[in-house]
Amino acid sequence: MLNFSRWAIAGILLPLIIGIFCAVPSFLPDSTVAKLPPFMQTRVNLGLDLAGGSHLLLEASTQDVAKQRLANMEEQVRTELRRGETKIAIGDISSRDGKLSFMVRNPSEVDAAVERIRPLTQGAGLTGQRDFNVEVVNSSTIVITPTQAGIDNAVKSAMQVATEVFRKRIDEMGTREPTIQQQGANRIVVQVPGLQDPKALKALLGQTAKLEFKLVDMSANPSEVAQGRAPVGSEVLPYPTNPAGPPMIAVHRQVMVSGEELTDAQQTYDQQTNEPNVTIRFNGSGGNKFAKVTSQNVNRPFAIILDGKVLSAPNINEPILGGSATISGSFTVEGANQLAIALRSGKLPVNFVVVEERTVGPGLGADSIRAGLVASIVAVVAVAAFMFVSYGRFGMYANLAVAINVLVILGVMGILGATLTLPGIAGFVLTIGTAVDANVLIYERIREERRRGRGVVQAIEFGYKEASRTIFEANVTHAIAGGIMLALGSGPVKGFAIVLLIGIATSVFTAVTFTRVLVSGWVRRTRPTDLHI
């Protein structure tokens, strides 16, 4: 137990040295860390309660989910009934009263149309219901009605997608360690440490970034469009920058190309006016579709629609075959850049509104850090004094192990990119207090073995051997509790659990293995005949 080869000593000391080395950048200013090589920029991130930042609570519109599902089903119905050699002719599809209805021109094809449409419906989760009901009315009209189970299942799926879209958008801003989690059925909490101005965050997250290209309905009556009425198969959308005057325009509901077929979006400048705009690129299928539509509709205007609002409605002077397009709309540089980020990260499947907004100032975080440091220093001094008074030289070994343990915890957190929160500081203080527990067990067992008459070397060997079993079992139960908090907790609870679990692993290693190396070296050098513990 006390015989360590040079390779064994090197294998024990090397991970501790690496951990301490990785902890150093966390104590350096940002300007200094930025000059270091990438592999040395291992810093502990500060949470919202320490660094300050922005807190937003966003709520999804379930009505928007239902509306979007109807639009998707309408597109699928059109495609399915036109598929194959036996196309089924139908009239215009109405989406009034939250349901789709259309007439089959040939009554003898109604059953065939229903058979084609039914496979488009799916089971709504584990409810046993379908997401849409399909029925025939008046022998020739088919009505497709969404079910509540289908809407609930769609909202659940939309919230999962929205969480990932939010994460991608915040990552694009260069902000590290955001907290993004669902709250209830239709709300998402977003916390971004270090961001003191939430306006840009609100603008970015609140933008659905639903991009669509639709043909303008030239047959629409301007007076009816001004009153919000459009022909069947079309819709009226706001067009605030309409050069023709009226802030409304009628467009066909059928989407030519959507933002889902984008591969890239970048903020650029118009070569003639030098105004900011956004250049987008389509994938293969989107580029082919865009080229086909523009080739078939030369000299007709098409509308570029973002989140239900028309940005511009240029005329198609010639086919656009390059697989790219430019979006202009009186953007600022910041606005164009935010739109490019939103389009790159994908559109939100549902509209969100901010229902709660808070900004945590850095002063509060500084006070928390100061209080945490004071508590940590007091704990270290008290524990170190107790160990030295109680165990002498062996107590100093334990104190050295505790100091190294704290640095190694910071180093591991830096390597993992973990976030330190105020409860995490509490976890630090708790780790300092409990880190010496293992040494107390070992030293008390050595005392007991000496009282039984064992020699110095034998007492030390038995003390480490027998106490290690108890230490391992105690820390396993400790780690199970920490693992449950990590898996089921969120925010501050999760921050506490991370520090606790890292502290358990490092404290056992330093308290048992590292101190044993120190004791072994002392015994070999001095050959003591008695122990003063």
*Under 4.5 Å between any side-chain heavy atoms of I249 and V236, yes or no?*
no

*Do the non-hydrogen side-chain atoms of V77 and I144 ever get within less than 4.5 Å of each other?*
yes

*Could you grab the distance from atom CG of L416 to atom CD1 of I502, nearest 0.5 Å is fine?*
5.5 Å

_Is it the case that the side chains of T268 and N277 hold a donor-acceptor pair, with the cut-off being a distance below 3.5 Å and no angle test?_
yes

_Main-chain N/O of A313 paired to Y239 side chain as donor or acceptor, under 3.5 Å_ = yes

*asked:* Does any part of the side chain of R105, heavy atoms only, come nearer than 4.5 Å to the side chain of I90, both counted from C-beta?
replied: no

_Do I316 and V293 make a side-chain contact, defined as non-hydrogen atoms from C-beta onward lying under 4.5 Å apart?_
no

_Just checking R116: does its CZ atom have more than 12 heavy atoms from other residues, nucleotides or ligands closer to it than 6.0 angstrom?_
yes

*pair H55-E357: side-chain heavy atoms closer than 4.5 Å*: no

Validation: residues 224-233 side-chain donor-acceptor distances under 3.5 Å, sequence neighbours left out:
{"unit_1": "Q227", "atom_1": "OE1", "unit_2": "R229", "atom_2": "NH1", "d": "2.8"}
{"unit_1": "Q227", "atom_1": "OE1", "unit_2": "R229", "atom_2": "NH2", "d": "2.9"}

_Applying ring pair (Phe, Tyr, Trp, His ring centres under 6.0 Å), can you list everything that pairs with F352, at least two apart in sequence or on another chain?_
F166

*At what distance, to the nearest 0.5 angstrom, does OG of S140 lie from CG of N138?*
6.5 Å

*If you round to the nearest 0.5 Å, how far is CE of M485 from CG of L500?*
5.0 Å

*Any Lys/Arg nitrogen of R187 or E59 sitting under 4.0 Å from an Asp/Glu carboxylate oxygen of the other?*
yes

*Side chains of I117 and F132: does their closest heavy-atom pair fall under 4.5 Å?*
no

*Name the one of E75, E74, Q76 that satisfies side chain to side chain donor-acceptor pair (under 3.5 Å) with R78?*
E74

